[in-house]
Colleague: 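Dumping the structure here so I can ask a few things about it.
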Amino acid sequence: MTLQLYNTLTREKEPFKPLSKERVTMYVCGPTVYNYIHIGNARVFVFFDVVRRYLQYRGFDVTYVQNFTDVDDRLIRAAAEEGTTVPELAERYIRAYFEDMDALGVQRADVHPRATEHIPGMVEGISRLIEKGYAYERDGDVYYRALRKDDYGKLSHQSVEELKSGARVEVDEKKENPLDFALWKKTKPGEEIAWDSPWGKGRPGWHIECSAMVKQYLGDTIDIHAGGTDLCFPHHENEIAQSEAWTGKPFASYWLHNGYMNMGSEKMSKSLGNIVRVKELREEYNPRALRYFLLSAHYRNPISFSDESIRQMESGLERFDTATVNLSHRLETALQGEAAPEVMARLDELTRNFETAMDDDLNTANAISVLFEAVHFANELVSQSVVPKGSLEKTMEWIQRYGGEILGLVEDPGDQSLEAEIESLIEERQQARKNKDFQRADAIRDELAERGILLEDTPQGVRWRKK
RNA sequence: GGCGGCAUAGCCAAGUGGUAAGGCAGAGGACUGCAAAUCCUUUAUCCCCGGUUCGAAUCCGGGUGCCGCCUCCA
(Lines give C-alpha, C1' and ligand atoms only; values in the text may rest on other atoms or scores of the structure.)
Protein backbone atom coordinates (compact mmCIF):
# COMPACT_ATOMS: atom_id res chain seq x y z
CA MET A 1 0.00 0.00 0.00
CA THR A 2 1.16 3.42 -0.78
CA LEU A 3 -0.25 6.72 0.21
CA GLN A 4 -2.87 8.01 -2.21
CA LEU A 5 -3.58 11.71 -2.39
CA TYR A 6 -6.40 13.51 -4.11
CA ASN A 7 -4.74 16.07 -6.31
CA THR A 8 -6.76 19.15 -7.18
CA LEU A 9 -4.66 19.52 -10.31
CA THR A 10 -5.82 16.22 -11.79
CA ARG A 11 -9.01 15.77 -9.78
CA GLU A 12 -7.93 12.24 -9.03
CA LYS A 13 -6.41 10.22 -6.26
CA GLU A 14 -2.82 9.53 -7.18
CA PRO A 15 -0.08 7.47 -5.56
CA PHE A 16 2.22 9.78 -3.67
CA LYS A 17 5.65 9.87 -5.23
CA PRO A 18 7.87 12.58 -3.82
CA LEU A 19 10.64 14.00 -5.95
CA SER A 20 13.23 12.54 -3.64
CA LYS A 21 12.94 9.15 -1.96
CA GLU A 22 13.38 10.30 1.56
CA ARG A 23 12.58 13.99 1.58
CA VAL A 24 9.22 15.68 1.23
CA THR A 25 8.76 19.39 0.68
CA MET A 26 5.52 20.87 1.81
CA TYR A 27 4.14 24.39 1.76
CA VAL A 28 0.90 25.45 3.38
CA CYS A 29 -0.49 28.94 2.98
CA GLY A 30 -0.64 30.54 6.38
CA PRO A 31 -2.77 33.30 7.81
CA THR A 32 -2.96 36.95 6.97
CA VAL A 33 -2.24 38.35 10.36
CA TYR A 34 -4.65 41.23 10.74
CA ASN A 35 -6.92 39.52 13.25
CA TYR A 36 -7.40 36.40 15.36
CA ILE A 37 -7.95 33.19 13.47
CA HIS A 38 -11.27 31.38 13.51
CA ILE A 39 -12.03 27.69 13.78
CA GLY A 40 -12.30 27.37 10.01
CA ASN A 41 -8.79 28.71 9.56
CA ALA A 42 -7.61 26.29 12.21
CA ARG A 43 -8.90 23.36 10.24
CA VAL A 44 -6.17 23.71 7.65
CA PHE A 45 -3.41 24.08 10.19
CA VAL A 46 -4.53 21.16 12.33
CA PHE A 47 -5.13 18.87 9.39
CA PHE A 48 -1.82 19.52 7.69
CA ASP A 49 -0.09 19.16 11.02
CA VAL A 50 -1.40 15.59 11.00
CA VAL A 51 -0.35 15.12 7.38
CA ARG A 52 3.14 16.18 8.25
CA ARG A 53 3.26 13.88 11.27
CA TYR A 54 1.98 10.99 9.20
CA LEU A 55 4.57 11.55 6.48
CA GLN A 56 7.23 11.56 9.16
CA TYR A 57 5.81 8.35 10.58
CA ARG A 58 6.08 6.93 7.06
CA GLY A 59 9.78 7.67 7.18
CA PHE A 60 10.00 10.87 5.20
CA ASP A 61 12.17 13.76 6.19
CA VAL A 62 9.57 16.48 5.85
CA THR A 63 10.45 20.09 5.30
CA TYR A 64 7.36 22.05 6.19
CA VAL A 65 7.04 25.74 5.42
CA GLN A 66 4.14 27.98 6.34
CA ASN A 67 4.12 31.68 5.68
CA PHE A 68 2.64 34.71 7.35
CA THR A 69 1.14 37.35 5.12
CA ASP A 70 2.11 40.39 7.12
CA VAL A 71 1.43 43.14 4.65
CA ASP A 72 -1.65 43.68 2.48
CA ASP A 73 -4.70 45.91 2.19
CA ARG A 74 -6.42 44.44 5.20
CA LEU A 75 -3.41 44.87 7.45
CA ILE A 76 -3.00 48.45 6.33
CA ARG A 77 -6.65 49.16 6.96
CA ALA A 78 -6.72 47.37 10.32
CA ALA A 79 -3.58 49.15 11.49
CA ALA A 80 -5.06 52.50 10.56
CA GLU A 81 -8.28 51.67 12.39
CA GLU A 82 -6.49 50.57 15.51
CA GLY A 83 -4.08 53.47 15.40
CA THR A 84 -1.03 51.31 15.15
CA THR A 85 1.54 50.31 12.57
CA VAL A 86 1.42 47.36 10.23
CA PRO A 87 4.48 45.64 11.76
CA GLU A 88 3.14 46.06 15.28
CA LEU A 89 -0.24 44.68 14.28
CA ALA A 90 1.32 41.75 12.47
CA GLU A 91 3.52 40.95 15.43
CA ARG A 92 0.57 40.91 17.77
CA TYR A 93 -1.47 38.53 15.65
CA ILE A 94 1.45 36.28 14.88
CA ARG A 95 1.90 35.81 18.58
CA ALA A 96 -1.83 35.16 18.96
CA TYR A 97 -1.68 32.67 16.13
CA PHE A 98 1.01 30.65 17.86
CA GLU A 99 -0.92 30.69 21.11
CA ASP A 100 -3.93 29.24 19.31
CA MET A 101 -1.82 26.64 17.54
CA ASP A 102 -0.05 25.61 20.71
CA ALA A 103 -3.40 25.03 22.36
CA LEU A 104 -4.52 22.90 19.44
CA GLY A 105 -1.35 20.85 19.54
CA VAL A 106 -0.08 22.06 16.17
CA GLN A 107 3.67 21.75 15.88
CA ARG A 108 5.73 24.57 14.45
CA ALA A 109 6.63 24.45 10.80
CA ASP A 110 10.34 24.22 10.01
CA VAL A 111 10.17 27.76 8.73
CA HIS A 112 7.51 30.42 9.23
CA PRO A 113 8.67 33.04 6.74
CA ARG A 114 7.08 36.46 6.70
CA ALA A 115 6.29 38.22 3.48
CA THR A 116 7.89 41.49 4.56
CA GLU A 117 11.21 39.76 5.11
CA HIS A 118 11.31 38.45 1.57
CA ILE A 119 10.74 41.50 -0.55
CA PRO A 120 14.06 41.20 -2.44
CA GLY A 121 13.16 37.70 -3.59
CA MET A 122 9.83 38.93 -4.83
CA VAL A 123 11.37 41.89 -6.62
CA GLU A 124 13.76 39.53 -8.30
CA GLY A 125 10.93 37.27 -9.39
CA ILE A 126 8.91 40.16 -10.73
CA SER A 127 11.94 41.41 -12.66
CA ARG A 128 12.45 38.02 -14.21
CA LEU A 129 8.79 37.86 -15.20
CA ILE A 130 9.04 41.25 -16.87
CA GLU A 131 12.21 40.19 -18.71
CA LYS A 132 10.51 37.06 -19.95
CA GLY A 133 7.48 38.98 -21.11
CA TYR A 134 5.13 37.58 -18.52
CA ALA A 135 4.62 40.85 -16.73
CA TYR A 136 4.36 44.53 -17.51
CA GLU A 137 4.68 47.73 -15.58
CA ARG A 138 2.06 50.46 -15.73
CA ASP A 139 2.62 53.66 -13.85
CA GLY A 140 4.37 52.06 -10.86
CA ASP A 141 2.17 48.95 -10.74
CA VAL A 142 3.27 45.65 -12.20
CA TYR A 143 0.82 43.08 -13.53
CA TYR A 144 1.14 39.47 -14.47
CA ARG A 145 0.02 38.71 -18.01
CA ALA A 146 -2.35 35.83 -17.25
CA LEU A 147 -3.03 34.82 -20.84
CA ARG A 148 0.58 34.69 -21.92
CA LYS A 149 0.67 30.99 -21.08
CA ASP A 150 -2.21 28.95 -22.35
CA ASP A 151 -2.59 26.78 -19.27
CA TYR A 152 -3.95 29.53 -17.05
CA GLY A 153 -6.87 28.04 -15.12
CA LYS A 154 -5.52 24.51 -14.99
CA LEU A 155 -5.68 24.20 -11.21
CA SER A 156 -9.19 25.52 -10.68
CA HIS A 157 -10.29 23.91 -13.95
CA GLN A 158 -11.75 27.07 -15.30
CA SER A 159 -11.26 27.96 -18.91
CA VAL A 160 -10.17 31.46 -19.62
CA GLU A 161 -13.46 32.10 -21.35
CA GLU A 162 -15.38 30.94 -18.30
CA LEU A 163 -13.32 33.11 -16.05
CA LYS A 164 -13.92 36.12 -18.23
CA SER A 165 -17.62 35.52 -18.48
CA GLY A 166 -17.77 35.21 -14.72
CA ALA A 167 -17.65 38.97 -15.04
CA ARG A 168 -16.76 39.42 -11.42
CA VAL A 169 -13.12 40.06 -12.02
CA GLU A 170 -12.02 43.46 -10.99
CA VAL A 171 -12.05 46.00 -13.75
CA ASP A 172 -8.90 48.00 -13.85
CA GLU A 173 -8.12 50.37 -16.63
CA LYS A 174 -4.43 49.70 -16.31
CA LYS A 175 -4.70 46.00 -16.99
CA GLU A 176 -4.31 44.65 -20.47
CA ASN A 177 -6.76 41.93 -19.58
CA PRO A 178 -9.18 41.60 -16.68
CA LEU A 179 -7.57 38.32 -15.65
CA ASP A 180 -4.16 39.92 -15.15
CA PHE A 181 -3.26 40.36 -11.50
CA ALA A 182 -0.97 42.61 -9.53
CA LEU A 183 2.57 41.56 -8.75
CA TRP A 184 3.57 44.94 -7.38
CA LYS A 185 1.37 47.70 -6.10
CA LYS A 186 2.43 51.28 -6.16
CA THR A 187 2.26 53.02 -2.80
CA LYS A 188 -0.89 55.06 -2.37
CA PRO A 189 -0.83 58.47 -0.70
CA GLY A 190 -0.86 58.13 3.06
CA GLU A 191 0.51 54.61 3.12
CA GLU A 192 3.57 54.35 5.29
CA ILE A 193 4.65 50.86 4.56
CA ALA A 194 6.58 50.68 1.30
CA TRP A 195 9.69 49.30 -0.28
CA ASP A 196 11.91 50.59 -3.03
CA SER A 197 11.84 48.75 -6.29
CA PRO A 198 12.83 49.25 -9.93
CA TRP A 199 9.24 50.47 -10.45
CA GLY A 200 9.29 52.94 -7.60
CA LYS A 201 7.96 52.72 -4.07
CA GLY A 202 5.40 50.06 -3.44
CA ARG A 203 4.58 46.73 -1.95
CA PRO A 204 4.10 43.23 -3.32
CA GLY A 205 0.84 41.74 -4.49
CA TRP A 206 -0.51 38.85 -2.51
CA HIS A 207 0.37 35.90 -4.71
CA ILE A 208 4.01 36.63 -5.41
CA GLU A 209 5.04 36.20 -1.78
CA CYS A 210 4.29 32.50 -1.79
CA SER A 211 6.08 31.96 -5.08
CA ALA A 212 9.16 33.70 -3.76
CA MET A 213 9.21 31.99 -0.40
CA VAL A 214 8.54 28.55 -1.84
CA LYS A 215 11.44 29.03 -4.21
CA GLN A 216 13.78 30.25 -1.51
CA TYR A 217 13.06 27.59 1.10
CA LEU A 218 11.95 24.58 -0.89
CA GLY A 219 13.11 25.00 -4.46
CA ASP A 220 11.55 25.40 -7.88
CA THR A 221 9.39 22.30 -7.63
CA ILE A 222 7.87 21.07 -4.39
CA ASP A 223 5.94 17.95 -3.48
CA ILE A 224 2.89 19.27 -1.70
CA HIS A 225 1.23 22.66 -1.79
CA ALA A 226 -1.86 23.08 0.31
CA GLY A 227 -4.45 25.41 1.75
CA GLY A 228 -8.16 25.93 2.09
CA THR A 229 -10.39 25.46 -0.93
CA ASP A 230 -10.98 29.17 -1.08
CA LEU A 231 -7.36 29.67 -2.01
CA CYS A 232 -7.63 27.46 -5.07
CA PHE A 233 -8.75 30.40 -7.16
CA PRO A 234 -7.35 32.88 -7.59
CA HIS A 235 -4.44 32.56 -5.16
CA HIS A 236 -3.05 29.16 -6.05
CA GLU A 237 -3.94 29.51 -9.70
CA ASN A 238 -1.92 32.68 -9.82
CA GLU A 239 0.92 31.19 -7.86
CA ILE A 240 1.27 28.34 -10.31
CA ALA A 241 1.13 30.67 -13.28
CA GLN A 242 3.79 33.06 -12.07
CA SER A 243 6.07 30.43 -10.53
CA GLU A 244 6.09 28.26 -13.61
CA ALA A 245 6.62 31.28 -15.81
CA TRP A 246 9.43 32.38 -13.55
CA THR A 247 11.32 29.08 -13.25
CA GLY A 248 10.12 27.23 -16.33
CA LYS A 249 9.51 24.19 -14.14
CA PRO A 250 6.44 22.56 -12.59
CA PHE A 251 5.61 24.30 -9.35
CA ALA A 252 4.09 21.57 -7.17
CA SER A 253 3.32 17.90 -7.72
CA TYR A 254 0.32 17.63 -5.41
CA TRP A 255 -2.21 20.31 -4.60
CA LEU A 256 -4.35 19.59 -1.54
CA HIS A 257 -7.35 21.66 -0.54
CA ASN A 258 -9.43 21.50 2.62
CA GLY A 259 -13.20 21.70 2.73
CA TYR A 260 -14.85 24.54 4.60
CA MET A 261 -16.08 25.05 8.07
CA ASN A 262 -19.77 25.84 7.92
CA MET A 263 -21.99 27.74 10.29
CA GLY A 264 -25.35 26.13 9.77
CA SER A 265 -25.28 25.48 6.06
CA GLU A 266 -23.16 28.48 5.13
CA LYS A 267 -19.44 28.77 4.86
CA MET A 268 -17.76 30.38 7.84
CA SER A 269 -15.90 33.41 6.62
CA LYS A 270 -14.73 36.72 7.84
CA SER A 271 -16.61 38.55 5.14
CA LEU A 272 -19.91 36.93 6.17
CA GLY A 273 -19.07 37.70 9.77
CA ASN A 274 -20.25 34.29 11.00
CA ILE A 275 -16.97 33.31 12.55
CA VAL A 276 -16.04 31.74 15.85
CA ARG A 277 -12.53 32.45 17.03
CA VAL A 278 -10.22 29.79 18.33
CA LYS A 279 -9.13 32.16 21.06
CA GLU A 280 -12.62 32.16 22.56
CA LEU A 281 -13.39 28.52 21.84
CA ARG A 282 -10.40 27.22 23.68
CA GLU A 283 -11.63 28.89 26.84
CA GLU A 284 -14.97 27.19 26.58
CA TYR A 285 -13.95 23.73 25.40
CA ASN A 286 -11.12 21.31 25.82
CA PRO A 287 -8.79 22.36 22.97
CA ARG A 288 -8.13 18.72 22.17
CA ALA A 289 -11.87 18.34 21.57
CA LEU A 290 -11.55 21.10 18.99
CA ARG A 291 -8.69 19.24 17.36
CA TYR A 292 -10.71 16.04 17.40
CA PHE A 293 -13.66 17.87 15.91
CA LEU A 294 -11.50 19.21 13.07
CA LEU A 295 -10.23 15.72 12.30
CA SER A 296 -13.54 13.93 12.72
CA ALA A 297 -14.60 14.32 9.10
CA HIS A 298 -12.64 13.70 5.94
CA TYR A 299 -10.64 16.81 5.14
CA ARG A 300 -12.28 17.47 1.80
CA ASN A 301 -15.79 17.42 3.22
CA PRO A 302 -17.34 20.43 4.88
CA ILE A 303 -17.78 20.38 8.65
CA SER A 304 -20.60 22.21 10.38
CA PHE A 305 -19.69 23.99 13.54
CA SER A 306 -22.03 23.48 16.46
CA ASP A 307 -21.85 23.49 20.20
CA GLU A 308 -23.41 20.03 20.27
CA SER A 309 -20.71 18.60 18.02
CA ILE A 310 -17.90 19.86 20.18
CA ARG A 311 -19.62 18.55 23.29
CA GLN A 312 -19.86 15.15 21.65
CA MET A 313 -16.15 15.30 20.90
CA GLU A 314 -15.41 16.12 24.52
CA SER A 315 -17.30 13.01 25.58
CA GLY A 316 -15.41 10.92 23.08
CA LEU A 317 -12.14 12.32 24.27
CA GLU A 318 -12.89 11.13 27.79
CA ARG A 319 -12.87 7.63 26.44
CA PHE A 320 -9.29 8.06 25.25
CA ASP A 321 -8.20 9.62 28.51
CA THR A 322 -9.91 7.05 30.70
CA ALA A 323 -8.33 4.26 28.71
CA THR A 324 -4.79 5.57 29.20
CA VAL A 325 -5.36 6.27 32.88
CA ASN A 326 -6.79 2.80 33.36
CA LEU A 327 -3.91 1.24 31.47
CA SER A 328 -1.34 2.97 33.58
CA HIS A 329 -3.17 2.03 36.77
CA ARG A 330 -3.25 -1.59 35.71
CA LEU A 331 0.43 -1.44 34.84
CA GLU A 332 1.26 -0.67 38.45
CA THR A 333 0.20 -4.09 39.65
CA ALA A 334 0.63 -6.18 36.52
CA LEU A 335 2.91 -9.17 36.67
CA GLN A 336 6.15 -9.06 34.77
CA GLY A 337 5.90 -10.79 31.44
CA GLU A 338 6.26 -10.35 27.74
CA ALA A 339 3.40 -9.25 25.57
CA ALA A 340 1.17 -12.13 24.54
CA PRO A 341 1.46 -13.09 20.84
CA GLU A 342 -2.24 -12.57 20.25
CA VAL A 343 -1.93 -9.07 21.66
CA MET A 344 0.91 -8.31 19.29
CA ALA A 345 -1.11 -9.75 16.41
CA ARG A 346 -4.07 -7.57 17.27
CA LEU A 347 -1.90 -4.47 17.53
CA ASP A 348 -0.36 -5.27 14.16
CA GLU A 349 -3.81 -5.55 12.71
CA LEU A 350 -4.76 -2.18 14.17
CA THR A 351 -1.60 -0.69 12.69
CA ARG A 352 -2.49 -2.00 9.26
CA ASN A 353 -6.00 -0.59 9.59
CA PHE A 354 -4.69 2.75 10.70
CA GLU A 355 -2.27 2.91 7.79
CA THR A 356 -4.94 1.84 5.34
CA ALA A 357 -7.15 4.67 6.53
CA MET A 358 -4.44 7.31 6.33
CA ASP A 359 -3.07 5.99 3.06
CA ASP A 360 -6.48 6.45 1.51
CA ASP A 361 -6.25 10.19 1.00
CA LEU A 362 -5.57 10.87 4.67
CA ASN A 363 -8.84 9.60 6.05
CA THR A 364 -8.54 10.84 9.61
CA ALA A 365 -12.16 9.94 10.37
CA ASN A 366 -11.36 6.29 9.77
CA ALA A 367 -8.01 6.55 11.51
CA ILE A 368 -9.84 7.80 14.59
CA SER A 369 -12.25 4.89 14.44
CA VAL A 370 -9.21 2.58 14.52
CA LEU A 371 -8.02 4.46 17.57
CA PHE A 372 -11.36 3.74 19.23
CA GLU A 373 -10.90 0.07 18.40
CA ALA A 374 -7.52 0.17 20.09
CA VAL A 375 -9.11 1.79 23.12
CA HIS A 376 -11.71 -0.93 23.22
CA PHE A 377 -8.98 -3.53 23.05
CA ALA A 378 -7.10 -1.80 25.87
CA ASN A 379 -10.22 -1.77 28.05
CA GLU A 380 -10.64 -5.49 27.53
CA LEU A 381 -7.05 -6.12 28.55
CA VAL A 382 -7.34 -3.95 31.62
CA SER A 383 -10.32 -5.88 32.91
CA GLN A 384 -8.71 -9.28 32.51
CA SER A 385 -7.80 -10.86 35.84
CA VAL A 386 -4.33 -11.84 34.67
CA VAL A 387 -2.44 -9.86 32.07
CA PRO A 388 1.30 -9.63 31.53
CA LYS A 389 2.88 -6.23 31.82
CA GLY A 390 4.23 -6.45 28.28
CA SER A 391 0.75 -6.68 26.80
CA LEU A 392 -0.33 -3.55 28.62
CA GLU A 393 2.84 -1.70 27.72
CA LYS A 394 2.63 -2.51 24.04
CA THR A 395 -1.00 -1.48 23.93
CA MET A 396 -0.22 1.75 25.72
CA GLU A 397 2.60 2.41 23.29
CA TRP A 398 0.28 1.83 20.37
CA ILE A 399 -2.29 4.27 21.66
CA GLN A 400 0.35 6.87 22.42
CA ARG A 401 1.99 6.49 19.06
CA TYR A 402 -1.06 6.54 16.81
CA GLY A 403 -3.44 8.51 18.96
CA GLY A 404 -0.79 10.80 20.39
CA GLU A 405 2.20 11.27 18.15
CA ILE A 406 0.32 11.12 14.87
CA LEU A 407 -3.19 12.36 15.55
CA GLY A 408 -2.31 14.48 18.55
CA LEU A 409 -5.51 13.49 20.35
CA VAL A 410 -4.16 11.36 23.18
CA GLU A 411 -2.11 12.75 26.00
CA ASP A 412 0.40 10.91 28.09
CA PRO A 413 -1.24 10.29 31.47
CA GLY A 414 2.14 11.16 32.94
CA ASP A 415 3.19 10.90 36.52
CA GLN A 416 0.06 10.59 38.61
CA SER A 417 0.81 11.71 42.10
CA LEU A 418 -1.64 13.27 44.50
CA GLU A 419 -1.32 15.66 47.37
CA ALA A 420 -0.70 14.00 50.71
CA GLU A 421 -4.03 15.19 52.05
CA ILE A 422 -5.93 13.53 49.25
CA GLU A 423 -3.87 10.39 49.61
CA SER A 424 -4.82 10.16 53.25
CA LEU A 425 -8.51 10.71 52.46
CA ILE A 426 -8.34 7.85 50.00
CA GLU A 427 -6.69 5.74 52.65
CA GLU A 428 -9.34 6.67 55.17
CA ARG A 429 -12.03 5.70 52.69
CA GLN A 430 -10.43 2.32 52.17
CA GLN A 431 -10.48 1.75 55.92
CA ALA A 432 -14.11 2.82 56.11
CA ARG A 433 -15.02 0.42 53.33
CA LYS A 434 -13.24 -2.37 55.11
CA ASN A 435 -15.30 -1.60 58.18
CA LYS A 436 -18.44 -1.45 56.08
CA ASP A 437 -18.84 2.19 56.98
CA PHE A 438 -20.18 2.98 53.54
CA GLN A 439 -21.65 6.27 54.57
CA ARG A 440 -18.25 7.63 55.43
CA ALA A 441 -16.70 6.04 52.37
CA ASP A 442 -19.27 7.59 50.06
CA ALA A 443 -18.94 10.95 51.74
CA ILE A 444 -15.23 10.96 51.03
CA ARG A 445 -15.82 9.90 47.45
CA ASP A 446 -18.34 12.71 46.98
CA GLU A 447 -16.02 15.23 48.53
CA LEU A 448 -13.14 14.27 46.27
CA ALA A 449 -15.44 14.28 43.26
CA GLU A 450 -16.27 17.86 44.03
CA ARG A 451 -12.58 18.57 44.05
CA GLY A 452 -12.25 16.97 40.64
CA ILE A 453 -10.90 13.60 41.68
CA LEU A 454 -12.99 10.63 40.62
CA LEU A 455 -12.46 7.43 42.59
CA GLU A 456 -13.12 4.02 41.13
CA ASP A 457 -12.85 0.74 42.96
CA THR A 458 -11.26 -2.05 40.96
CA PRO A 459 -9.96 -5.54 41.76
CA GLN A 460 -6.49 -3.98 41.60
CA GLY A 461 -7.31 -1.40 44.22
CA VAL A 462 -8.67 2.11 44.09
CA ARG A 463 -8.15 3.98 40.86
CA TRP A 464 -8.55 7.68 40.45
CA ARG A 465 -8.62 10.15 37.62
CA LYS A 466 -9.06 13.84 37.30
CA LYS A 467 -12.26 15.23 35.92
C1' G B 1 -24.24 31.04 -17.29
C1' G B 2 -19.61 27.73 -16.40
C1' C B 3 -17.25 24.32 -12.93
C1' G B 4 -17.69 21.45 -8.48
C1' G B 5 -19.62 19.34 -3.90
C1' C B 6 -23.25 17.39 -0.45
C1' A B 7 -27.99 14.51 1.11
C1' U B 8 -26.34 7.62 5.44
C1' A B 9 -29.78 6.12 12.66
C1' G B 10 -31.92 11.17 17.72
C1' C B 11 -26.88 13.69 16.73
C1' C B 12 -21.66 13.51 14.45
C1' A B 13 -19.56 10.51 10.62
C1' A B 14 -16.95 6.44 7.39
C1' G B 15 -18.16 3.49 3.41
C1' U B 16 -18.26 4.51 -4.04
C1' G B 17 -20.85 -2.92 -6.79
C1' G B 18 -21.65 -8.18 -2.59
C1' U B 19 -27.08 -7.22 1.73
C1' A B 20 -24.44 -0.62 6.36
C1' A B 21 -17.30 1.18 10.30
C1' G B 22 -16.55 4.23 14.48
C1' G B 23 -18.12 7.97 18.08
C1' C B 24 -21.95 10.75 21.08
C1' A B 25 -26.72 10.22 23.22
C1' G B 26 -30.71 6.48 24.72
C1' A B 27 -32.54 1.50 26.46
C1' G B 28 -31.61 -3.38 28.75
C1' G B 29 -28.04 -6.65 31.11
C1' A B 30 -23.22 -8.05 33.63
C1' C B 31 -19.70 -6.36 37.21
C1' U B 32 -19.93 -3.23 42.09
C1' G B 33 -21.63 -2.57 49.18
C1' C B 34 -23.51 1.55 46.12
C1' A B 35 -21.17 3.97 42.28
C1' A B 36 -17.78 4.96 38.44
C1' A B 37 -15.12 2.88 34.65
C1' U B 38 -15.56 -1.25 31.59
C1' C B 39 -17.83 -5.27 28.98
C1' C B 40 -22.27 -7.54 26.45
C1' U B 41 -26.94 -6.64 23.87
C1' U B 42 -29.96 -3.12 21.33
C1' U B 43 -31.47 1.34 17.69
C1' A B 44 -30.84 2.73 9.59
C1' U B 45 -37.00 1.43 4.10
C1' C B 46 -28.63 4.75 3.08
C1' C B 47 -33.49 12.17 -0.07
C1' C B 48 -37.23 10.59 -4.21
C1' C B 49 -38.36 8.07 -9.10
C1' G B 50 -36.61 5.11 -13.00
C1' G B 51 -32.59 2.02 -15.17
C1' U B 52 -28.05 -1.30 -15.54
C1' U B 53 -26.60 -5.79 -12.76
C1' C B 54 -27.24 -12.38 -10.17
C1' G B 55 -26.46 -8.29 -6.69
C1' A B 56 -26.40 -0.78 -5.72
C1' A B 57 -25.98 3.55 -0.23
C1' U B 58 -22.32 2.71 -3.99
C1' C B 59 -22.83 2.80 -11.39
C1' C B 60 -26.29 5.45 -15.21
C1' G B 61 -30.64 8.82 -16.24
C1' G B 62 -34.25 12.12 -14.21
C1' G B 63 -36.03 14.84 -9.98
C1' U B 64 -36.00 17.50 -5.07
C1' G B 65 -33.31 20.14 -1.37
C1' C B 66 -28.79 22.45 0.34
C1' C B 67 -23.88 24.43 -0.41
C1' G B 68 -19.26 26.15 -2.69
C1' C B 69 -15.90 28.42 -6.50
C1' C B 70 -15.84 31.75 -10.82
C1' U B 71 -14.40 38.77 -5.95
C1' C B 72 -11.28 39.44 -0.31
C1' C B 73 -11.43 34.77 2.53
C1' A B 74 -8.01 28.79 5.45
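Values below: every heavy atom of this structure, side chains too, minus hydrogens, waters and symmetry copies. Letters A, B, ... are given to chains in the order of the sequence lines, protein chains preceding strands, and every chain is numbered from 1. On a predicted model such as this, the values are computed, not experimentally measured, just so you know.
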Colleague: Could you list all N or O pairs between the protein and nucleotides 20-26 of chain B that sit under 3.5 Å apart?
Modeller:
{"unit_1": "B:rG23", "atom_1": "O2'", "unit_2": "A:Tyr292", "atom_2": "OH", "d": "3.4"}
{"unit_1": "B:rG23", "atom_1": "N2", "unit_2": "A:Gln312", "atom_2": "OE1", "d": "2.8"}

Colleague: For the residue pair A:Arg138 and A:Tyr143, would you count it as a cation-pi contact if the rule is NZ or CZ under 6.0 angstrom from the ring centre and within 45 degrees of the ring axis?
Modeller: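 Pair A:Arg138/A:Tyr143 does not count as cation-pi.
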Colleague: Which is true for A:Leu272 with a 4.0 Å heavy-atom rule: it touches a base, it touches only sugar-phosphate, or it touches nothing?
Modeller: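 The answer is nothing, as A:Leu272 stays clear of every strand by at least 4.0 Å.
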Colleague: Need one value for A:Ser271: base, sugar-phosphate or nothing, where a base atom within 4.0 Å counts as base even if backbone is also close, heavy atoms only.
Modeller: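 Base contact.
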Colleague: Could you go through nucleotides 4-6 of chain B and list every protein N or O atom that sits under 3.5 Å from one of its N or O atoms, giving the distance for each pair?
Modeller:
none

Colleague: Can you tell whether the side chains of A:Glu191 and A:Arg203 come within less than 4.0 Å, N to carboxylate O?
Modeller: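 A salt bridge links A:Glu191 with A:Arg203.
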Colleague: What distance, rounded to whole Å, do you find between the two P atoms, one in B:rA37 and one in B:rC60?
Modeller: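 It comes out at 47 Å once rounded to the nearest Å.
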Colleague: Which part of the nucleic acid, if any, lies within contact of A:Arg440, taking any heavy atom under 4.0 Å across all strands shown: a base, the sugar-phosphate backbone alone, or nothing?
Modeller: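 Contact class for A:Arg440: none.
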Colleague: In whole angstrom, what separates A:Glu380's CD from B:rA37's C1'?
Modeller: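 Those two atoms, CD and C1', are 15 Å apart.
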Colleague: Flag yes if more than 12 heavy atoms outside A:Lys394 fall under 6.0 Å of its NZ atom; otherwise flag no.
Modeller: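 Counting neighbours around NZ of A:Lys394, 12 or fewer heavy atoms of other residues, nucleotides or ligands fall under 6.0 Å, so no.
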Colleague: P atom, B:rC48 versus B:rC40: distance in rounded Å?
Modeller: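 Taking atom P in both B:rC48 and B:rC40, they lie 33 Å apart.
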Colleague: Using a heavy-atom cut-off of under 4.0 Å over every strand shown, decide if A:Phe293 touches base, sugar-phosphate, or nothing.
Modeller: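 No contact at all - A:Phe293 keeps every heavy atom at 4.0 Å or more from the nucleic acid.
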Colleague: Let me know the distance between CD of A:Glu456 and C1' of B:rA37, rounded to the nearest Å.
Modeller: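 Taking CD of A:Glu456 and C1' of B:rA37, I get 4 Å after rounding.
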Colleague: Counting any heavy atom closer than 4.0 Å, what does A:His235 reach on the DNA or RNA strands: base, sugar-phosphate only, or nothing?
Modeller: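 Counting heavy atoms under 4.0 Å across all strands, no contact is made by A:His235.
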Colleague: Which one of A:Leu418, A:Val325, A:Leu448 satisfies the side-chain contact (heavy atoms from CB on, under 4.5 Å) criterion with A:Trp464?
Modeller: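 Going through A:Leu418, A:Val325, A:Leu448 one by one, the side-chain contact (heavy atoms from CB on, under 4.5 Å) with A:Trp464 is satisfied by A:Leu418 alone.
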Colleague: As an exercise, state the distance from CG of A:Asp457 to CZ of A:Arg433, rounded to the nearest 0.5 Å.
Modeller: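 Taking CG in A:Asp457 and CZ in A:Arg433, the distance rounds to 3.5 Å.
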Colleague: Quick one: label A:Leu231 by what it contacts on the DNA or RNA (base, sugar-phosphate, nothing), any heavy atom closer than 4.0 Å.
Modeller: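 Answer is sugar-phosphate: A:Leu231 comes under 4.0 Å of backbone atoms only.
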Colleague: Across the strands shown, which category fits A:Gln158 at heavy-atom distances under 4.0 angstrom: base, sugar-phosphate, nothing?
Modeller: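 Base: the residue A:Gln158, judged by heavy atoms under 4.0 Å, touches a nucleobase.
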Colleague: From C-beta outward on A:Asp442, which listed nucleotide comes closest to its side chain: B:rA37, B:rA74, B:rC34?
Modeller: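 Shortest atom-to-atom distance from the side chain points to B:rC34.
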Colleague: Report the distance from atom OH of A:Tyr97 to atom P of B:rA74, rounded to the nearest whole Å.
Modeller: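 Distance check: A:Tyr97 OH to B:rA74 P gives 11 Å.
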Colleague: With a 4.0 Å cut-off, would you call A:Arg288 and A:Glu314 a salt bridge?
Modeller: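 No, no charged N to carboxylate O under 4.0 Å.
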Colleague: For A:Lys267, report the nucleic acid contact type (base, sugar-phosphate, nothing); a contact means any heavy atom under 4.0 Å.
Modeller: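 Touches a base.
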Colleague: Is A:Glu237 reaching over with its side chain to a backbone N or O of A:Gly153, donor-acceptor style, under 3.5 angstrom?
Modeller: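 Checked: pair present.
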Colleague: Reckon A:Asn379 touches a base, only the sugar-phosphate, or nothing at all at heavy-atom distances under 4.0 Å?
Modeller: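 Since only primed, P, OP1 and OP2 atoms lie under 4.0 Å of A:Asn379, the category is sugar-phosphate.
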